[in-house]
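Remarks on the structure that follows.
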Amino acid sequence: MLWSPNIGIAYPFNSGQGAPAVGTEDFNQLDTNGDGVLNGLDDPYTPYYPGDEYVDWAGVSLYWYPYLTTTNIEPPANFFSEYLSGSGTSVDSVVTAGQYTAAVHDFYTMFAVNRNKPIALSESGSPYVATLLPSVGEATIKRSWYQQILSQTTLSKYPKLKAYLNFEEKKQDDLTSFIKDWSLMNNATLLAELKADLPTISTLTLQGPSMSFTCDGSVSFSSTSKLKKRGLENDL
C-alpha cells in the first residue's frame with residue numbers, strides 16, 4: 001500500500017479548524033508532545049500512519065505552492081529539499097518561531113531512513129497563472145521545479161526517493177480566484193522542452209514505458225541496469 005499525506009510544514013491545516021475538542025481521545029492522539037495545544041510542535045504524520053506492516057511505500061504531496069498576488073514566481077533553488085527535510089529558509093518563512101519542531105517534520109528521515117520505506121512524490125508540480133504578469137515564463141517555473149527534483153544532487157541526497165508524479169491539472173486555487181495550471185503536457189512549447197530534458201533525466205531515472213504491471217501487483221522492467229542503479233529492484 002502507498003500511504004501518502006500532504007507535506008506537513010503548515011500543519012495543523014486551516015489553523016486547526018475542525019480539530020477534535022481538547023481532552024478527547026482523538027485530540028490526545030494528535031497532541032503528540034502533550035502540551036494541550038495542536039500546533040507546529042506536534043508530529044503531523046505519525047498519528048495518521050497505519051503501521052509498517054501495512055505500508056509498502058511512503059508518499060507525500062509536495063508542491064511549489066506560492067501565494068501569488070501580481071506575478072508568477074519561480075521556485076527557490078532549495079525549496080524541495082528544505083520542505084522534504086523540514087528545515088531551511090523556505091520553511092522558516094512560513095512557520096511560527098517557537099511553535100515548530102523540525103525533527104517531527106523531516107518526512108524523509110522519519111519514513112525513508114527510520115522506517116526504510118521507498119518515497120514517492122505522489123503529487124507534485126509548480127503552478128503558472130496565465131492572467132498574472134509573466135515576470136518569469138511558464139517553462140522556467142515548471143522546468144526549474146522538476147529539474148530541482150530530478151537531479152543528481154537531489155537523488156544522491158535522497159536515495160530512497162523513487163517516484164515522481166506531476167499533477168497534470170488546471171484548477172482554481174482554494175484561497176484565490178486564480179486558475180493555476182500545474183500541467184507539463186498541455187503546452188506544446190513546454191512539452192518540447194520537457195522532451196529535450198529527457199535524455200539527461202533518463203540517465204538518472206526510469207520512465208513509465210520501461211515498466212510493465214500485472215494484476216497481481218508485480219512489476220517488471222525492460223532495463224535492469226537503470227533499475228539497479230536506482231536500487232528499485234529491492235522496493236517493488
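Worth knowing before you read on, the calculation uses all heavy atoms, side chains too, and leaves out hydrogens, waters and symmetry mates.
With S126 contributing its side chain and I141 its backbone, the two residues share a donor-acceptor pair below 3.5 Å. Remark: the backbone N or O of L150 is not paired with any side-chain donor or acceptor of T154 at under 3.5 angstrom. A donor-acceptor pair is defined here as one N or O able to donate and one able to accept, closer than 3.5 Å; no such pair exists between the side chain of S81 and the backbone of N78.
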message: Using side-chain contact (heavy atoms from CB on, under 4.5 Å), reason through N116 and D52 one step at a time and then give a plain yes or no.
response: CA-CA 9 Å; N116 197 34; D52 288 341; over 6 Å; no
- request: List the steps, then state whether ring-ring contact (aromatic ring centres under 6.0 Å, His included) holds for Y45 with Y49.
  value: CA-CA 6 Å; Y45 305 119; Y49 186 70; 9.9 Å; no
task: Show the numbers, then the answer: is there a side-chain contact (heavy atoms from CB on, under 4.5 Å) between V129 and N72?
output: CA-CA 7 Å; V129 178; N72 287 284; 3.8 Å; yes
field: Steps toward side-chain contact (heavy atoms from CB on, under 4.5 Å) verdict (I73, V136)
entry: CA-CA 7 Å; I73 303 172; V136 288; 6.0 Å; no
task: Test L38 against D31 for side-chain contact (heavy atoms from CB on, under 4.5 Å), laying out the working first.
output: CA-CA 6 Å; L38 296 184; D31 181 22; 3.9 Å; yes
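The local environment of CD in E25 is sparse, with at most 12 non-hydrogen atoms from other residues, nucleotides or ligands closer than 6.0 Å.
To the nearest 0.5 Å, the span separating CG on L84 from OG1 on T109 amounts to 8.5 Å. Summarising the geometry, atom CD belonging to Q148 is positioned 8.5 Å from atom CZ belonging to F79; distances are rounded to the nearest 0.5 Å. Here the CG-NZ distance, from L155 to K160, works out to 13.5 Å after rounding to the nearest 0.5 Å. Here the CD atom belonging to E82 is positioned 8.0 Å from the CG atom belonging to D92, to the nearest 0.5 angstrom. In this structure, OG1 in T101 is found 4.5 Å from CG in L41, a value given to the nearest 0.5 Å. One finds the NZ atom of K117 at 14.0 Å from the NZ atom of K162 (value rounded to the nearest 0.5 Å).
The two atoms that bring G40 and H105 nearest to each other are O-CE1, 2.9 Å, heavy atoms only. Taking both residues in full, the closest heavy atoms of D43 and Y11 are given as O-CE2, 4.2 Å, listed atom of the first, atom of the second, then distance. Looking at every heavy atom in both residues, A103 comes nearest to M110 through O-SD, 3.8 Å. Summarising the geometry of D56 relative to P118, their closest heavy-atom pair is O-CD, 3.4 Å, with the distance given to 0.1 Å.
In this structure, S87 and D106 have side chains that are not in contact, with every pair of non-hydrogen atoms separated by 4.5 Å or more. The closest side-chain heavy-atom distance from Y158 to S85 is below 4.5 Å. Proximity of Y146 to N166: side-chain heavy atoms (C-beta onward) are nowhere separated by under 4.5 Å. Two residues are said to be in side-chain contact when any heavy atoms from C-beta on lie closer than 4.5 Å; P127 and Y65 fail this criterion. The shortest distance between side-chain heavy atoms of K157 and Y108 does not fall below 4.5 Å. The shortest distance between side-chain heavy atoms of T46 and T32 does not fall below 4.5 Å. Using a 4.5 Å cut-off on side-chain heavy atoms (C-beta onward), T96 and N39 make no contact. Annotation: side chain of F107 is not in contact with side chain of L62 (no heavy-atom distance under 4.5 Å).
Put simply, F80 and V113 are part of the same group of oily side chains (I, L, V, M, F, W, Y) that touch within less than 4.5 Å, one to the next. When hydrophobic clusters are built by joining Ile, Leu, Val, Met, Phe, Trp and Tyr residues whose side-chain heavy atoms come closer than 4.5 Å, directly or via intermediates, Y164 is not grouped with Y63. Cluster membership check: I201 shares its hydrophobic cluster with L191, using side-chain heavy-atom separations under 4.5 Å among Ile, Leu, Val, Met, Phe, Trp and Tyr. W57 is not connected to F167 by any chain of hydrophobic side-chain contacts under 4.5 Å among Ile, Leu, Val, Met, Phe, Trp and Tyr, and they are in different clusters. Cluster membership check: I149 shares its hydrophobic cluster with F111, using side-chain heavy-atom separations under 4.5 Å among Ile, Leu, Val, Met, Phe, Trp and Tyr.
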Show the atom names and distances, to 0.1 Å, of all donor-acceptor pairs under 3.5 Å that link a side chain in residues 1-9 to residues at least two apart or in another chain.
from	atom 1	to	atom 2	distance (Å)
W3	NE1	Y48	O	3.2
S4	OG	V60	N	3.3
S4	OG	S122	OG	2.3

Distance-only check: which donor-acceptor pairs under 3.5 Å involve side-chain atoms of residues 175-188, not counting sequence neighbours?
from	atom 1	to	atom 2	distance (Å)
T176	OG1	D173	OD2	3.4
T176	OG1	F178	N	3.1
K180	NZ	P66	O	3.2
K180	NZ	D173	OD1	3.1
D181	OD1	S183	N	3.0
D181	OD1	S183	OG	2.7
S183	OG	N186	ND2	3.2
N187	OD1	T189	N	2.9
N187	OD1	L190	N	2.9
N187	ND2	E138	OE1	3.1

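For S124, the side-chain hydrogen bond (donor to acceptor under 3.5 Å, both in side chains) partners two or more places apart in sequence, or in a different chain, are W145.
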